[in-house]
Amino acid sequence: MTLVSSTQETPTRRLLFHGAVIVVSLVATAFLLTRETFLPPRFSYDGERIQGIAQGRIDPLNDESFENVAQVYRSLGLADASIGASLLGFMLALVVYAIALRRMSHLSFPAMGLLLVGLVLSAIYLGFYSKDVFVLPVVALVLVLPRSLWSEAAIVVSLLAYAGVFRTYWVIVAAGYVLFRLVLLRHSSPLRFTVWSVVFIMGVGVAIVTVLGQPADYFRLSVNLSRFGIEDSASMIRRGIDAPEPFGGIINSILAWIQFIVPIPLFSLGGAYYTLLGTLLGLVLLTTILNIPTTSGTSENVHVERAVALFGALLATQALFEPDFGSFLRHLTPLLPLAVIVWGVGSRKQH
C-alpha cells in the first residue's frame, strides 16, 4: 500500500519545489535569529544547559552526554556564539535534505511537503545547541554510501560512536538497525516492518528485565516519576494498562509504539499545540510505514532499505525509552530526511 503519488514529474514542478525549499530555508534562517521571540522557553531548556556547560557557567553534574556535546561546541568556538550554533545545526540539516532530494528520482507533492515541514522542524529543534544535530552525519552516511558490507559497517560504527559520545542507549538503535537490515533485506513490507518492530521491542524488553531486574519501560518511568504535576508534563507518555511484571513493561512499550503512530493521547489533551503535535506524528509515521516498499528479493535502492531500517530501529527503541511525545518529535527530526526518501522513492513498486 502506498500513499505517495507517483504522478509524472515536470520541469515546472521541480522548479516550483526548489523555489519553495529556498523560500522556506530563508524564512527558517531568519527565524533562527529571533527564535526566543516565537518559541516557549521549554524549547530551549536543553540547549541553554549545553551552552551554559560549554561556557563553564553550569556544572554538568557528572552527566557525560551533556558534557561531551558542550565540549564539541566549545571546540568549534561556539560556546558564546548561539547564532553560530543555530546556523550550524540548520545548515547541516539543509545539506542532508539536499542529499535526500538528489536520491529521489521523482518528486511527489506529499514528499516535498514533508521535506518543507522537516526544514521547519529542523529550525525549531536543531537550530540551537543540541545533541540531535550530531545524528545528521549518521543520516548523511545512510544516504551517500554505496551498497557494500564496508558501508554497512561504517554506518554501524557511526551509530556506536554517537552512542559512546552522546546517548548510550543508541547502542540499542545500532542493534536494531542491524536487525532491520537483515530481516527486511530480502522481503520487505509494512506488515513485516510492524511485526519485527514488536519482536524487537519484546526482545529488548526481556533483556532489560533479565539484566537489570527492572520493567521494560523502566527508563521512561524513572524520568517521568519526578515530572507528574509540573509544567509541561501533559505530553508525558503514560502507561496504558496495569499488568504484572515482566509483562506490564513490555506491553506498555508496545502500546507506546502504537501511540507514536496513532497519538490518541495527544488529541485527547485538546488545544492547538497538542493537536498539531499529534497530527504531525501520526501523519509522518503512519504514512512512512505504509509507503515502505513491498519487495521480494533485494531492492534496487539501498538508501531506501537503510532509511527504513534506521527509522524502524529508532522508533522501536524510543518506544522503550522516550518520556514524552514532544521529546520524541525532537529526536525524530534529524531522521525525517529518511522518511522523505521513503515517501518519494519507496512508493515505486520494487520486485
Side-chain angles (χ1 to χ4, degrees), residues 14 17-18 20-29 31-32 69 72-73 76 78 84-108 110-147 151-152 154-159 161-163 165-167 170 173-174 177 280 284-285 288 291 301-315 328-346:
R14 181 168 284 272
F17 286 156
H18 286 181
V21 169
I22 292 172
V23 171
V24 171
S25 299
L26 291 175
V27 172
T29 302
F31 163 82
L32 295 176
V69 71
V72 172
Y73 281 108
L76 293 173
L78 297 174
S86 297
L87 290 174
L88 170 68
F90 183 71
M91 292 306 169
L92 280 176
L94 195 59
V95 168
V96 176
Y97 276 108
I99 296 171
L101 194 60
R102 290 183 62 84
R103 292 300 179 196
M104 296 166 62
S105 58
H106 72 285
L107 298 176
S108 66
M112 286 306 301
L114 177 59
L115 190 152
L116 297 176
V117 170
L119 288 176
V120 173
L121 291 175
S122 296
I124 294 173
Y125 290 112
L126 306 179
F128 199 46
Y129 298 90
S130 172
K131 300 177 191 176
D132 298 292
V133 168
F134 302 101
V135 175
L136 291 169
V138 179
V139 175
L141 289 180
V142 168
L143 293 174
V144 301
L145 292 179
R147 186 188 296 276
S151 296
E152 297 301 331
I155 292 169
V156 173
V157 169
S158 70
L159 289 168
Y162 183 83
V165 177
F166 300 116
R167 290 189 173 109
W170 269 63
V173 176
Y177 174 79
L280 275 175
V284 170
L285 296 178
T288 300
N291 276 284
N301 198 313
V302 68
H303 303 105
V304 172
E305 294 175 13
R306 290 181 186 146
V308 171
L310 185 52
F311 203 84
L314 181 72
L315 182 59
F328 174 64
L329 181 59
R330 173 162 52 88
H331 296 151
L332 183 68
T333 294
L335 268 67
L336 288 181
L338 304 180
V340 168
I341 71 163
V342 173
W343 284 33
V345 182

Could you list the residues that satisfy salt bridge (Lys or Arg N to Asp or Glu O under 4.0 Å) with Arg167, not counting sequence neighbours? Asp132
Heavy atoms, side chains only, cut-off 4.5 Å: are Leu338 and Val304 in contact? no
Flag side-chain contact, heavy atom, 4.5 Å: Val69 against Tyr129: no
Close side-chain approach of Glu152 to Val302, heavy-atom, < 4.5 Å: yes
For a quick test of reading the model, state the closest non-hydrogen atom pair linking Ile341 to Ala307 and the distance between them. CD1-CB, 3.9 Å
Testing the basics here: between Leu92 and Val133, what is the closest heavy-atom pair and its distance to 0.1 Å? CD1-CG1, 3.8 Å
May I ask you to check whether Phe134 and Tyr162 place their ring centres under 6.0 Å from each other? no
What is the minimum heavy-atom distance between Thr288 and Ala339, and which atoms define it? OG1-CB, 3.5 Å
Less than 6.0 Å separating the ring centroids of Phe90 and Phe31? no
Give me the one residue out of Leu159, Leu335, Val135 that meets side-chain contact (heavy atoms from CB on, under 4.5 Å) with Leu314. Leu335
Heavy-atom donor-acceptor pair, Ser130 side chain to Leu126 backbone, under 3.5 Å: no
Taking side chain as C-beta onward, heavy atoms only, is Arg147 less than 4.5 Å from His303? no
Test item: Ser151 side-chain N/O and Pro146 main-chain N/O as donor-acceptor pair under 3.5 Å: yes
Side-chain contact, heavy-atom cut-off 4.5 Å: Leu94 with Leu119? yes
Distance check, rounded to the nearest 0.5 Å: Leu332 atom CG versus Leu285 atom CG? 5.5 Å
Would you say Leu32 and Phe128 make side-chain contact, with heavy atoms under 4.5 Å? no
Who pairs with Met112 by side chain to side chain contact (heavy atoms under 4.5 Å, CB included), at least two apart in sequence or on another chain? Phe17, Val21, Leu101, Leu107, Leu115
CD1 of Ile124 to CG of Leu329, rounded to nearest 0.5 Å, is 8.5 Å
Evaluate the side-chain proximity of Val342 to Phe311: yes if any heavy-atom separation is below 4.5 Å, no if none is. no
Under 3.5 Å, side chain of Arg330 to main-chain N/O of Tyr125, donor-acceptor pair present? no
Ignoring hydrogens, what is the shortest heavy-atom contact between Leu143 and Pro337? Give both atom names and the distance. CD1-CB, 4.5 Å
Non-hydrogen atoms of Tyr73 and Ala85 that approach each other most closely: CE2-CB, 3.9 Å
Give a yes or no answer on whether the side chain of Arg306 reaches the backbone of Leu145 with a donor-acceptor pair at less than 3.5 Å. yes
Grab the two heavy atoms, one from Val138 and one from Ser158, that are nearest each other, plus how far apart they are. CG1-OG, 3.5 Å
